[in-house]
Each structure stands twice: as C-alpha cells, then as structure tokens.
Number of protein chains: 2
Amino acid sequence: MGRAAQISREAVLAAALRLADADGLDAVTMHAVARQLRVTPMALYRHVDDKNALLDGLVEVLLRECPLPPDGMPWEERLTALAAGIREVARRHPASFPLLLTRPAVTPAARAARAAIHAALRAGGLPEAGIARAERLISTAVLGFAVSEAAGRFRQHDQPVVDADFAELLRWLRLALELPAAPPPA
Amino acid sequence: MGRAAQISREAVLAAALRLADADGLDAVTMHAVARQLRVTPMALYRHVDDKNALLDGLVEVLLRECPLPPDGMPWEERLTALAAGIREVARRHPASFPLLLTRPAVTPAARAARAAIHAALRAGGLPEAGIARAERLISTAVLGFAVSEAAGRFRQHDQPVVDADFAELLRWLRLALELPAAPPPA
DNA sequence: ACCTGAACACCGTTCAAGT
DNA sequence: ACCTGAACACCGTTCAAGT
C-alpha cells in the first residue's frame, strides 16, 4: 500500500540551499542535508539521483527564484529588471550561485529565463538572426558579474563602487544592442 | 640537519592540475595528489596549508599560464591577445578554470594580468578615472565567457558558433571602450 | 512506496614519531 | 627539515531489510 512520504524533492533542495546559505557549499552534504530533515542519508536517494543531481536541483531552485519581468514593461526595462533580479538572487545565495555558471541548465526555469530575454530583444527590434547570440552574451556577462560579486572577487571595493560597476555593465550591454551588427568578413 | 625534499609546492600543484585535467575537480584530493607523488597525504601539508590553499595554488598556476602580450603590440591587439590567451587556458584546463571566478586572486600573477590590461587601456587613451572599472568589467566578461565555455554551458552549440560568440563579445568590448563615459546623474 | 540499519571505501586533518 | 604511521570523524553510496 505504501506509506506517507516524510520528505520530498523540494524539501531536500530547500534544506540544501539553507545549508549552503548558512555554511557554504562544502556544508552541503548528503549526511548534513539528511540531518536537517531528521532522516537518514539514504532516504534522500529516493528524491534525488545522487549528490550531483542534488546540486543540479539547486541550480533549478536558483533559476526559479529569478523574477521574470511582466510582458507589459518596455523591453529595455525588462532586460534591466532581469539583470537586477539575477544579481539579487546571487547576493541572497552567494555560495550556491556560482553553480549557475558551472552546471549547464536545460530545465524549464532556464528555458523560461532565456525566452524572456529573447522576447525583450525581439521587442527591441533586434534582427532575428542575432537574438540567440545576444542572449548568450548578455546572460554570460550578467551571470559572470553576479558570480564574481557573490564569490567576493570584488570584495576589495566598497558597495557603491560595485554598484557603479554593474550600472556600467548594463550601459555596455545597451551600447552593444543599439549598434548594427558587424559586416560579414570579405 | 634536515633532509633532501622529495616533493615541492610546485610539484604538488602540478600533480593537482594534472588530476583535475584528467578526472575533474572532484578527483583533486589530498590522498590522490599524494598518491601521484608517491608520498603519504600528510607530506603535502608541508607544502600547502590545507586543501583550500591547494585550490588557491591552482588558481595561481592557471594565471601564470596566461600569456601576457609584449609591450610593443598595439593596445587593441594586446587586449585581444590577452582575452584569447585566457580562453585557451580555460580550454586546456576546463575543470579547474572555474576556480578563477570563484576564488579572488591577489597573487603576483593576478596583479600582473590586471596591470597588463591597465597598461593597454592607458595606451588606448582611456581616461585614467575609468581604467580600473573598465579592467574589472573586461576581466569579468572574458572570464565569464571562458568559464562558461569550459564548463560546457555552450555545449549545445558547434564550435564555430561559440567562436563567433567570442568574436562578438570582443566587438562589444571594443564598442564600450570607444564611446565616451555616461554623464553623471543630474 | 518510502525509510532505516549496517557497512565500505574514501576523504581531510591531527598527532606523535622517525631520520 | 621533511616524511611516515596510526588514527578519527566524516563523506558518498550500496544492499538488504523493515513497514
């Protein structure tokens, strides 16, 4: 007949994220996560394939936490809001956020984020042929910045300096988008 | 009186890098590195403080491997060469390279790389006030791309596509550098 | 269906001891 | 000064067993 589940995949991922937030990524351990949930380590394997899948699940959770801007917003603001949202998630979860750059995500949440950027770029009138590439470069630049900040690569600089860095990054991206593509090689 | 050293810090780091290249970052273990060097794990502690310091040492080695362009080169080519060099190191050491974005480096090699970019930007006539910020953004964008590629975030795309992405990134950076800075907020 | 218990090979690190 | 040996708490994961 079965038995009522005590834990769930979501509970496992939430506990793992809390552990990472509190004590760093090294603290995310099958044993430690199980301890949090008052369960034996082996109980986790019913809900995640293995430790690697647990970390991939963390990526999923982080992506879901990134707010997608409403469709009504002007396209340029949409991109800015998206970038700001990503940066905030990174600052909330600095230990786990770097996983986003390291573990290629093909989950629904990842596709949704990509689609949101595609839509904004299309609304901005970027030629269809350049949209996918522009999305990759924008994502990479914003993620790279957010990871760097979260990991403390800018820690020698005061917060206003880093904030200004981020503003300048967004300005760079705007410049790149407003100018025509390079002509093909001769 | 002492005793002839069997291993050295450099030997430890080289073995760790080989392990990462061959079997991934998880394979870099005090025990495994020691095994490579035919020594007990405890022997390593004479040459690195602990496992964390070993990983920091790996960052050092990776940075040293990035070729610095000669001073005679035109400044724009210098930046391009630097970026291409970084990308090549990432592709040679995909498992360990992400450490560069995660572990803030304040080693001589890191300073040298930063100084090389500063010098190129100065040679390009960028106002002194913007140089440090531009360097941070350029480094972050190039490292973010190199890490993404090394970690396989672009693995759905063929090599020529990724190469073109990189070329486009460099074009974006050139655009950003050639335009005047934004006016301060009113 | 979901969890436990016991177990195994392996990990990072400490301490005392050898040369 | 540099390395070894023994040891400890902890890790990821498997297997068989309970309900």
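Throughout, protein chains are lettered first and strands after them, A, B, ... in sequence-line order, and every chain is numbered starting at 1. The basis for the numbers below is simple: all heavy atoms, side chains too, and nothing from hydrogens, waters or symmetry mates.
- Nearest nucleotide to the side chain of Ala43(A), out of dT13(C), dG12(D), dC3(C): dC3(C).
- When distances are taken from the side chain of Tyr45(B) to each of dC3(D), dC3(C), dT13(C), the shortest belongs to dT13(C).
- Rounded to an integer number of Å, the gap from Arg38(B) CZ to dT4(D) C1' is 17 Å.
- Comparing dG12(D), dC3(D), dC11(D) against the side chain of Val39(B) picks out dC3(D) as the nearest.
- Nearest nucleotide to the side chain of Ile7(A), out of dT13(D), dC3(C), dT13(C): dC3(C).
- Separating the NZ atom of Lys51(A) from the P atom of dC11(C) is a distance of 14 Å, rounded to the nearest angstrom.
- Contact annotation: His47(B) does not reach the phosphate of dC2(D) (side-chain N/O to OP1 or OP2, under 4.0 Å).
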Check: Are Arg103(B) and Leu58(B) close enough, and set up right, to give a side chain to side chain contact (heavy atoms under 4.5 Å, CB included), and what steps lead you there?
Finding: CA-CA 10 Å; Arg103(B) 312 182 86 86; Leu58(B) 236 35; over 6 Å; no
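- Lacking a ring centre under 5.5 Å from that of the base six-membered ring together with a plane angle below 30°, His31(B) does not count as stacked on dC10(C).
- Residue Ala5(A) is classed as a sugar-phosphate contact, given heavy-atom separations below 4.0 Å to backbone atoms only.
- The ring-ring contact (aromatic ring centres under 6.0 Å, His included) check on Phe97(B) picks up nothing, with sequence neighbours excluded.
- Nearest-nucleotide mapping onto DNA chain D: of Ala32(A) and Asp49(A), the residue sitting toward the 5' end is Ala32(A).
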Could you list the donor-acceptor pairs under 3.5 angstrom formed between side-chain atoms of residues 132-142 of chain B and any protein atom two or more places apart in sequence or on another chain?
{"residue": "Arg133(B)", "atom": "NE", "partner": "Asp165(A)", "partner atom": "OD1", "Å": "2.4"}
{"residue": "Arg133(B)", "atom": "NH2", "partner": "Val161(A)", "partner atom": "O", "Å": "3.1"}
{"residue": "Arg133(B)", "atom": "NH2", "partner": "Asp165(A)", "partner atom": "OD1", "Å": "3.1"}
{"residue": "Glu135(B)", "atom": "OE2", "partner": "Ser139(B)", "partner atom": "OG", "Å": "2.6"}
{"residue": "Arg136(B)", "atom": "NE", "partner": "Asp165(A)", "partner atom": "OD2", "Å": "2.6"}
{"residue": "Arg136(B)", "atom": "NH2", "partner": "Asp165(A)", "partner atom": "OD1", "Å": "3.0"}
{"residue": "Arg136(B)", "atom": "NH2", "partner": "Asp165(A)", "partner atom": "OD2", "Å": "3.4"}
{"residue": "Ser139(B)", "atom": "OG", "partner": "Glu135(B)", "partner atom": "O", "Å": "2.9"}
{"residue": "Thr140(B)", "atom": "OG1", "partner": "Arg153(A)", "partner atom": "NH2", "Å": "2.6"}
{"residue": "Thr140(B)", "atom": "OG1", "partner": "Arg136(B)", "partner atom": "O", "Å": "2.6"}

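- Put simply, CG on Asn52(B) is 13 Å from C1' on dT13(C), counting in whole angstrom units.
- Looking only at side-chain heavy atoms (C-beta outward), Pro98(B) and Leu101(A) stay at 4.5 Å or farther from each other.
- In this structure, the CZ atom of Arg46(A) is 12 Å from the C1' atom of dC15(D), given to the nearest Å.
- Among the protein residues, Thr40(A) comes within range of the nucleic acid bases, having at least one heavy atom under 4.0 Å from a base atom.
- Distance CG (Leu55(A)) to P (dG12(D)): 9 Å, rounded to an integer number of Å.
- Put simply, CG on Asp50(B) is 14 Å from C1' on dC11(C), counting in whole angstrom units.
- With rounding to whole Å, Leu25(B) atom CG is found 14 Å from dC11(C) atom P.
- Across all strands shown, dC10(C) has no partner, as no Watson-Crick or G-U wobble contact with both distances under 3.5 Å is found.
- Counting non-hydrogen atoms under 4.0 angstrom, Met42(A) reaches a base of the nucleic acid.
- Nucleotide dC3(D) has no partner under the Watson-Crick or G-U criteria, as no pair reaches both atom distances under 3.5 Å.
- For the pair Leu54(A) CG and dT13(D) C1', the computed distance is 14 Å after rounding to whole Å.
- With contacts defined as side-chain heavy-atom distances shorter than 4.5 Å, the pair Glu60(A)/Glu65(A) does not qualify.
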